[in-house]
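Everything on this sheet refers to the single structure shown next.
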Amino acid sequence: MIKYDSENKDYYFDKYVNSYNNERIVELRLSMDYYEEIYSEGKNNILEIGNVLGFYGYCEHECIDKFAQSDDISRGGTVDNIDALDYDYTGRNVISISTIEHIGMKDYNNPTANDGLDAITALDKIRNESKTFFITFGPNHNKNLDEYVKGNLDDYDWHGWCRTGKNQWQYTEQDIKVWDMKHDDPYEFANGIILLREKS
């Protein structure tokens, strides 16, 4: 069961794998709870978009990442270089941690960048095809994605967190103020987290 309003002691701290002074401490705790929920259905139903969980020991599932390079792939699993726009999500439990906001942006030397509009296409595809989904991202990186989601919040079970200190986060439920949080301001890395899940 996912505990949205976690205390600092519940965060996922790992100073060796980039989870100690950024949004990962919250995202990883939440995503691992979700992973354990859906794992009971079998690992073959789990698809991760963006190569993240394998670095933290959760690597027994399929993972796609269009721009993953060999030195950027976790030791525990494999990652297929497949575009999120080309994948059939039917019947899959989809998990994506701080990845969707990069789709369609110039990040990772993307040769077909379109101001992040591909992220909207990918999100709609996931929402329409998947069995369940768990998607996190930081606001104010992909403005087109932000505006699209904010304009369609009734389509999601969504949650937000605002950063209140270097390693402190406040669960804001569905308070719209999370959308104003900016990257690297006032703290390094993301200062807000958005979680999107399917409507029940």
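By convention here, the first residue in the shown sequence is residue 1.
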Check: Between Ile2 and Glu37, is a side-chain contact (heavy atoms from CB on, under 4.5 Å) present by the stated rule, with each step listed?
Finding: CA-CA 8 Å; Ile2 296 175; Glu37 275 185 13; 3.9 Å; yes
Next item on the list: Would you please classify the geometry between the Tyr35 ring and the Tyr39 ring as parallel, tilted or perpendicular, with 30° and 60° separating the classes?
Entry: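 Parallel, since the angle between the ring planes stays under 30°.
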Residues forming a side chain to side chain contact (heavy atoms under 4.5 Å, CB included) with [X], sequence neighbours excluded:
| X | result |
| --- | --- |
| Thr90 | Asp88, Glu129 |
| Asp118 | Leu85, Ile103, Asn114 |
| Ser200 | none |
| Lys143 | Asn140 |

Next item on the list: Tell me whether Ile38 is reachable from Tyr156 by hopping between hydrophobic residues (I, L, V, M, F, W, Y) whose side-chain heavy atoms are closer than 4.5 Å.
Entry: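 Per the 4.5 Å side-chain linkage, Tyr156 and Ile38 are not co-clustered.
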Checklist line | Transitive ILVMFWY side-chain link Leu145 to Ile194, under 4.5 Å | finding: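 Yes, same cluster.
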Determine the minimum heavy-atom distance between [X] and [Y], stating which atoms define it.
| X | Y | result |
| --- | --- | --- |
| Val94 | Tyr34 | O-OH, 3.5 Å |
| Thr164 | Tyr187 | O-OH, 3.3 Å |
| Gly54 | Cys59 | CA-CB, 3.9 Å |
| Ile120 | Asn144 | CD1-O, 3.6 Å |
| Asp115 | Asn142 | O-OD1, 3.9 Å |
| Gly160 | Val178 | CA-CG2, 4.1 Å |

Next item on the list: Using the test ring-ring contact (aromatic ring centres under 6.0 Å, His included), find all partners of Phe133 that sit at least two apart in sequence or belong to another chain.
Entry: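 ring-ring contact (aromatic ring centres under 6.0 Å, His included) list for Phe133, sorted by chain: empty.
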Next item on the list: Using ring-ring contact (aromatic ring centres under 6.0 Å, His included) as the criterion, list what pairs up with Tyr12, not counting sequence neighbours.
Entry: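 Residues passing ring-ring contact (aromatic ring centres under 6.0 Å, His included) with Tyr12: Tyr56.
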Side chain proximity check, [X] to [Y], heavy atoms < 4.5 angstrom:
| X | Y | result |
| --- | --- | --- |
| Trp158 | Arg197 | no |
| Asp155 | Leu153 | no |
| Ile135 | Leu195 | no |
| Thr136 | Leu30 | no |

Notebook entry, point to check: Got a sec, which pairs hit side chain to side chain donor-acceptor pair (under 3.5 Å) with one end in residues 175-186, sequence neighbours left out?
Noted result: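 Every pair satisfying side chain to side chain donor-acceptor pair (under 3.5 Å) with a residue in residues 175-186: there are none.
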Next item on the list: Show your working on side-chain contact (heavy atoms from CB on, under 4.5 Å) between Thr172 and Trp161 and close with a plain yes or no.
Entry: CA-CA 5 Å; Thr172 59; Trp161 290 260; 5.6 Å; no
Just to verify, what does [X] make a salt bridge (Lys or Arg N to Asp or Glu O under 4.0 Å) with, not counting sequence neighbours?
| X | answer |
| --- | --- |
| Glu188 | none |
| Glu27 | Arg24 |
| Glu62 | Arg92 |
| Lys106 | none |

Notebook entry, point to check: Do Leu53 and Ile97 pass the side-chain contact (heavy atoms from CB on, under 4.5 Å) test, and can you show the C-alpha distance, the side-chain angles, and the key distance before you say yes or no?
Noted result: CA-CA 8 Å; Leu53 285 177; Ile97 303 166; 3.7 Å; yes
Please round to the nearest 0.5 Å and tell me the distance separating atom [atom1] of [X] and atom [atom2] of [Y].
| X | Y | atom1 | atom2 | value |
| --- | --- | --- | --- | --- |
| Asn93 | Glu198 | CG | CD | 8.0 Å |
| Ile46 | Tyr58 | CD1 | OH | 10.5 Å |
| Ser96 | Leu123 | OG | CG | 10.0 Å |

Next item on the list: Just grab all the ring-ring contact (aromatic ring centres under 6.0 Å, His included) pairs involving residues 83-103, residues at least two apart or on different chains.
Entry: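 Sorted result for residues 83-103: Tyr87-Tyr89, His102-Tyr108, His102-His141.
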Check: Taking Asp80 for the side chain and Ile82 for the main chain, is one N or O donor matched with an acceptor at less than 3.5 Å?
Finding: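 Between the backbone of Ile82 and the side chain of Asp80 there is no qualifying donor-acceptor contact (under 3.5 Å).
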Notebook entry, point to check: Between Lys66 and Asn81, is a side-chain contact (heavy atoms from CB on, under 4.5 Å) present by the stated rule, with each step listed?
Noted result: CA-CA 4 Å; Lys66 182 179 179 181; Asn81 291 119; 5.9 Å; no
Checklist line | Side-chain ion pair, Asp10 and Arg29, N-O less than 4.0 Å | finding: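 No, no charged N to carboxylate O under 4.0 Å.
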Next item on the list: Take Asp33 and Ser31, measure what side-chain hydrogen bond (donor to acceptor under 3.5 Å, both in side chains) needs, and give me the verdict at the end.
Entry: CA-CA 5 Å; Asp33 289 345; Ser31 62; over 6 Å; no
Check: So does Lys150 have more than 12 non-hydrogen atoms from other groups sitting under 6.0 Å from NZ?
Finding: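 Yes, enclosed.
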